[in-house]
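Remarks on the structure that follows.
Excluded from the calculations below are hydrogen atoms, water molecules and symmetry mates; all remaining heavy atoms, backbone and side chain alike, are included. Just so you know, ligand 1 is whichever comes first in the structure, and atom 1 is the first atom listed for that ligand.
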Amino acid sequence: MDKKLHVFYAGPCLLPQEVYDQTCEAIKDFKGTGVSVLSISHRTKEWEAVMEETRQLWKELLSIPDGYEVVFLGGGASLQFLYVAMNFLEHKAAYVDSGTWAHKALKEAQGLGEAYAIASSKEKNYTYYPKGFDIPSDLDYLHITTNNTIYGTELREDIDSPVPLIADMSSDIMTRPVDVSKYAMIYGGSQKNVGPAGVAFAIIRKDALGKVSRYIPTMLDYRVHIEKGSMFNTPPVINIYIMNRTLNWVKEMGGIKAIQKRTEDKAKLLYGEIDENPLFKGVAEKDSRSFMNVTFVMNEGYENLADDFLAFSKERGIVGIKGHRSVGGFRASIYNACSLEDVQALTEAMHDFAKLKK
Ligand SMILES: *Cc1c(COP(=O)(O)O)cnc(C)c1O
């Protein structure tokens, strides 16, 4: 492949080139042991060091306060939907229905007890983030999904909640400083910003656990995973290794503040082009726009040019911008490894396409 590609897939996402290289190396020879990271025992001191460093990187990069623990679990974010309900739902929980993933999380909770949507933007095909609702004080927890990967909306702030707040941050974790102390738990799949698919992270306030009376199966009990350092059973070793390299990259980039700046620069550039270019328009309402997944469509009168634009941009090495089937149009996912130059390639393509067609 000699053409430089600009990859905008929504997940699994682009990871930094050095993460790919370091992973290849570790698959051949893990830390000079002569054994592949795929084949070495997870009980060796070399592997234990990776686990510990990965936990520390999370704590350091997000300034996670004392009293919280970070665990890594197989099964992706979707299994965390069930974990959350298992470990926290006793009487009643509320969910903000801000998109498909939020809806799926709610459904898992409803399988175990009483859970309901406290606010929803479904009636407008999730084009905005629901805000301004009252949170009753008798809930076990309030669940939010901070970034709605499919629709391109985001809640880019830490809200106050009178009840334990649990957030699915699958697709915007590690892109801004988060006030972790406002949450009982933050979790997500790794494949949007912090690694490969298949491993989920969970940042849990330890004293929020142990409040339910149900039997919790061993593998679904956060307390077990905290106590065993995410090694109750064999952890998803290679996924955690790649997460470790990705977090090291975040640190080398200058940490979360530097990433935040990079994120804002990219989003601003792309939304700027969408708003100025007569051929395109954004999907999400402006004050709900995601800094991660930028959804846009052809403007009125140009609808028939969508396939043309896909072909035009593909010629320039732009891949992964076809919109999700439930939204249509385009979606450019500009996660951490995506550079400003990648976004520039896209805005230039939009600009040049408009010159050609107008
Ligand atoms: C991708 C995604 C999920 C699902 O993650 P899996 O690891 O595929 O289960 C859940 N929530 C959000 C916000 C996502 O973006």
Side-chain angles (χ1 to χ4, degrees), residues 7-15 71-86 95-109 111 115 117 120-122 125-130 142-159 165-176 178 183 185-203 219-220 230 235-236 238-240 242-243 246 263 283-284 288-295 320 322-327 331-338:
V7 179
F8 296 98
Y9 287 115
C13 71
L14 186 71
L15 293 172
V71 293
F72 312 118
L73 301 163
S78 298
L79 189 55
Q80 294 305 306
F81 298 163
L82 177 61
Y83 267 90
V84 165
M86 272 278 172
Y95 282 65
V96 177
D97 177 29
S98 55
T100 303
W101 293 117
H103 205 81
K104 287 183 173 168
L106 169 60
K107 182 166 169 286
E108 286 307 278
S120 175
S121 48
K122 191 171 199 293
N125 201 30
Y126 296 120
T127 47
Y128 68 97
Y129 201 100
L142 173 70
H143 181 282
I144 60 175
T145 310
T146 52
N147 185 69
N148 299 286
T149 322
I150 293 174
Y151 303 92
T153 65
E154 187 178 13
L155 178 71
R156 226 176 149 71
E157 62 186 300
D158 304 308
I159 60 170
L165 183 61
I166 297 181
D168 174 358
M169 293 198 186
S170 291
S171 49
D172 62 353
I173 193 75
M174 286 291 168
T175 71
R176 66 171 177 93
V178 171
Y183 300 84
M185 175 172 153
I186 296 169
Y187 71 95
S190 297
Q191 70 272 29
K192 316 290 174 28
N193 268 311
V194 291
V199 64
F201 62 86
I203 304 163
M219 267 300 281
L220 298 184
S230 302
I238 190 67
N239 310 59
I240 294 172
I242 299 171
M243 180 197 280
T246 308
T263 301
V283 173
S288 295
R289 281 176 162 179
S290 167
F291 284 35
M292 292 287 118
N293 311 94
V294 179
T295 47
K322 194 171 164 48
H324 189 274
R325 60 192 179 281
S326 50
V327 178
R331 172 176 53 172
S333 298
I334 53 175
Y335 300 122
N336 285 349
C338 168

Applying the side chain to side chain contact (heavy atoms under 4.5 Å, CB included) test to V178, which of D172, I186, T146, I203 qualifies?
I186
Pairing residues for F201 by the ring-ring contact (aromatic ring centres under 6.0 Å, His included) criterion, not counting sequence neighbours
W58
Within 45° of the six-membered ring axis of W101 and under 6.0 Å from that ring's centre, is NZ or CZ of K192 located there?
yes
Residues Y335 and N293: side-chain donor-acceptor under 3.5 angstrom:
yes
With sequence neighbours excluded, what pairs up with Y183 under the ring-ring contact (aromatic ring centres under 6.0 Å, His included) test?
none
Qualifying residues under salt bridge (Lys or Arg N to Asp or Glu O under 4.0 Å), relative to D158, sequence neighbours excluded
R176
Between ligand 1 and the protein, which N/O pairs are shorter than 3.5 Å?
residue: ligand 1; atom: 7 (O); partner: A77; partner atom: N; Å: 3.1
residue: ligand 1; atom: 7 (O); partner: Q191; partner atom: NE2; Å: 2.9
residue: ligand 1; atom: 8 (O); partner: Q191; partner atom: NE2; Å: 3.3
residue: ligand 1; atom: 9 (O); partner: A77; partner atom: N; Å: 3.2
residue: ligand 1; atom: 9 (O); partner: S78; partner atom: N; Å: 2.8
residue: ligand 1; atom: 9 (O); partner: S78; partner atom: OG; Å: 2.6
residue: ligand 1; atom: 11 (N); partner: D168; partner atom: OD2; Å: 2.7
residue: ligand 1; atom: 15 (O); partner: T149; partner atom: OG1; Å: 2.4
residue: ligand 1; atom: 15 (O); partner: K192; partner atom: NZ; Å: 2.6

